[in-house]
Amino acid sequence: MKNKILRLILGDQLNYQHSWFREQRPDVTYLMMEMRQETDYARHHAQKLIGFFAAMYNFVAFLRKSGHQVIYLQLQDKKNLQSLSENIKSLIAENGFTHFEYLLPDEFRVDEQLKKLSKEINIEVSSSDTEHFITKREDFQEIFSGKKKYLMETFYRKLRQRTGVLMDGDEPAGGRWNYDLENRKPFKSHQKAIPPLEFNHDYKSIWKEITKAGVKSIGTPLDSKFPWPTTRKESISVLNYFLDELLTHFGEYQDAMTSRSWSLFHSRISFSLNTKMISPLEVIKKAEERFRNNPEHYTLPQVEGFIRQILGWREYMRGIYWAEMPQFSNLNFFEHKRKLPAWFWTGKTKMACLHQAITQSLEHAYAHHIQRLMVTGNFALLAGINPDEVDEWYLGIYCDAIEWVEITNTRGMSQFADGGIVGTKPYISSAAYINKMSDHCKGCTYDYKIKTGEKACPFNSLYWNFLDNHRKKLENNPRMGMMYKVWDKMQANEKEKIILQAQKFFDEIKIL
């Protein structure tokens, strides 16, 4: 055989519908690897590790059943050098491959590693698109060429027009582009949540191999009743369950939080999307189809709110990642240096909202966007936590966390460490917002209405302290002016009490 082609597939490139797999080729061998390089670059949640390994294992089974040749290096294989580059070099030398092909990675560090490797091996190298995203890497900078700011709404409208999603000719369906203001209802005590679709996989053997190898992790493994989808078929089942049972409630309550349900009406398809077992466009088209075919049952605000998260926000985050990396990963606009409290790894805090969000994350490797942004992220920002530590926590604890989507949401949207590249203002709030959008404050040790004193909720004084500390950087932001006016109207002695209360919380942060 003249040519021998080695094709690399990474653990987040499990695209069952990729054009590579449409034909069986005797000259092509696919390569997938479990590596300490990937298990150890962050301390991952146990369910994240199990989920990726199981999804990879099932994808290899799909390839082999389809007639493709596959090399699959498992974690404890004696030939596994635990490094992407070293494994590939070794396999090329051992098997005499004449060509090396790979799908473009979505993480900057891996992209750089493969570029470096391509120069080190003396065979022909080429790369291909993953055929997953709606936009290409370069589209983002083209859309914003000549513009001073990246605005998600500009990007979102452009993609709506380009794809025709929720469009009636040249106009947006319903005459409006965005129904965000209609999607902010709190979940009431008399309402009932709908349980998520979960699986009961027995992945004890996978977990045994992970722990036997000495991989460090966090969270609850749930290895005998593993709940997440690990095949395309299962991923589609989760998507269909969301569309059938949850979507009619999702739009209105997508920002709501309750201790009575860890998933409420959220789709929980982000793990399937970020491993590429399903594609964003098929998800969007199925959602739009439900609305178009049954407008009496599915309202436009419900469907648009869901589609905006994928067509708008997800693609926007990826665009910013490739436009701003690697410098984005070092930004620290507020120069925050405080360490993340140890209870972020245990959930043992008296603050009910943080206890709920963190404990849930440790148990399920999941929290929805408002829990991440306005509870854990809000506290980390108000408390002046080093964004490096915040990044590390978010990247490790969530099963859907891959750097391209994690760091832009965390360092950008959540921590405003980018100084406004992603968002137009810091997303911060006092306890009033958390009380409005959740039921957590009712049974909390702290009182959401109080700013100072033993029962005072930490979010209140930390909020005003943050504004006071960073006034020079924020007071000219048009979206922050109102809060500075409120602060300026307070009596001097009240301000002093609030600042002293915030300092007390900083001194006691380990036991809050």
Side-chain angles (χ1 to χ4, degrees), residues 180-198 219-220 227 242 245-268 270 301-302 305-306 309 341 343-344 346-383 394 397-398 413-414 427-464 505 511-512:
D180 187 43
L181 293 177
E182 297 179 34
N183 294 335
R184 298 178 182 177
K185 290 185 179 179
F187 191 64
K188 301 297 185 182
S189 59
H190 67 275
Q191 294 173 299
K192 290 185 178 180
I194 298 174
L197 173 62
E198 297 182 88
T220 307
F242 167 72
E245 306 294 336
L246 307 174
L247 179 56
T248 54
H249 308 284
F250 169 78
E252 290 178 305
Y253 303 110
Q254 63 179 282
D255 288 2
M257 298 175 284
T258 175
S259 56
R260 293 181 287 127
S261 171
W262 65 272
S263 60
L264 205 53
F265 305 116
H266 290 267
S267 67
R268 295 171 55 256
S270 52
Q302 291 164 349
F306 174 66
Q309 286 192 351
W343 44 261
F344 259 76
T346 66
K348 294 179 180 179
T349 170
K350 292 174 288 193
M351 287 176 281
C353 58
L354 280 158
H355 171 76
Q356 174 69 29
I358 295 169
T359 302
Q360 171 186 313
S361 300
L362 290 167
E363 289 179 356
H364 299 284
Y366 174 86
H368 71 67
H369 65 282
I370 293 298
Q371 291 174 302
R372 300 188 199 194
L373 178 65
M374 299 307 298
V375 180
T376 50
N378 185 20
F379 179 85
L381 179 53
L382 296 179
Y394 278 90
I397 203 165
Y398 295 118
M413 180 72 168
S414 171
Y427 277 83
I428 54 173
S429 78
S430 63
Y433 173 84
I434 296 171
N435 179 64
K436 176 186 175 183
M437 297 307 299
S438 79
D439 55 14
H440 302 325
C441 298
K442 292 176 183 177
C444 187
T445 299
Y446 301 102
D447 190 329
Y448 76 93
K449 298 186 292 294
I450 302 176
K451 296 184 182 70
T452 59
E454 290 301 314
K455 296 288 290 182
C457 177
F459 276 99
N460 291 330
S461 60
L462 293 181
Y463 175 78
W464 292 112
F505 285 139
I511 56 170
L512 286 181

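Side chains included, hydrogens not; waters and symmetry mates left out as well; all remaining heavy atoms used.
- The closest side-chain heavy-atom distance from Met351 to Pro458 is below 4.5 Å.
- A heavy-atom distance below 4.5 Å is not found between the side chains of Tyr448 and Ile434.
- The minimum heavy-atom distance between Thr452 and Ile450, with the atom names listed, is O-CG2, 2.9 Å.
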Criterion side chain to side chain contact (heavy atoms under 4.5 Å, CB included) on Gln371 and Gln360, from CA distance to verdict: CA-CA 10 Å; Gln371 291 174 302; Gln360 171 186 313; 3.0 Å; yes

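- Tyr394 contributes atom OH, which lies 8.0 Å from atom OG of Ser361 (distance to the nearest 0.5 angstrom).
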From CA spacing to verdict: side chain to side chain contact (heavy atoms under 4.5 Å, CB included), Phe344, Thr376: CA-CA 9 Å; Phe344 259 76; Thr376 50; 4.0 Å; yes

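- Interatomic distance, CH2 of Trp262 versus CD of Glu363, reported as 10.0 Å (0.5 Å rounding).
- In this structure, OG in Ser270 is found 12.5 Å from NE2 in His368, a value given to the nearest 0.5 Å.
- In this model, a donor atom of one side chain and an acceptor atom of the other lie less than 3.5 Å apart for Asp255 and His369.
- Here the side chain of Arg268 pairs a donor or acceptor atom with the backbone of Leu197 at under 3.5 angstrom.
- Under the salt bridge (charged side-chain N to carboxylate O under 4.0 Å, His left out) criterion, Lys185 pairs with Glu252, not counting sequence neighbours.
- In this structure, the separation between OG on Ser267 and CD on Gln254 is 10.5 Å, given to the nearest 0.5 Å.
- In this structure, the separation between OH on Tyr446 and CG on Leu512 is 5.0 Å, given to the nearest 0.5 Å.
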Trace of the side chain to side chain contact (heavy atoms under 4.5 Å, CB included) decision for Leu354 with Phe459: CA-CA 11 Å; Leu354 280 158; Phe459 276 99; 4.1 Å; yes

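- Nearest approach of Val375 to Ala357, heavy atoms of both residues: CG1-CB, 4.0 Å.
- Ring pair His266/Phe250 is perpendicular by interplanar angle, where above 60° counts as perpendicular and below 30° as parallel.
- Here the closest heavy-atom approach between residue Leu246 and residue Phe265 is recorded as CB-O, 3.7 Å.
- Contacts of Arg372 classified as salt bridge (charged side-chain N to carboxylate O under 4.0 Å, His left out), with partners at least two apart in sequence or in another chain: Asp400.
- The two residues Ala352 and Cys444 have their closest heavy-atom pair at N-SG, 3.4 Å.
- Scanning both residues, Leu462 and Phe505, for their nearest heavy atoms gives CD2-CB, 4.4 Å.
- With hydrogens and angles ignored, the 3.5 Å screen pairs no side-chain donor or acceptor of Asn435 with any backbone N or O of Cys441.
- Side-chain N or O atoms of Asn460 include none that pairs as donor or acceptor with a backbone N or O of Lys449 at under 3.5 Å.
- Nearest approach of Gln302 to Leu247, heavy atoms of both residues: CB-O, 3.8 Å.
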Test side chain to side chain contact (heavy atoms under 4.5 Å, CB included) applied to Tyr433 and Ile370, step by step: CA-CA 11 Å; Tyr433 173 84; Ile370 293 298; 3.9 Å; yes

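- A donor and an acceptor atom, one from each side chain of Asp439 and Ser189, are nowhere located under 3.5 Å apart.
- Distance check: Thr445 OG1 to His355 NE2 gives 10.5 Å after rounding to the nearest 0.5 Å.
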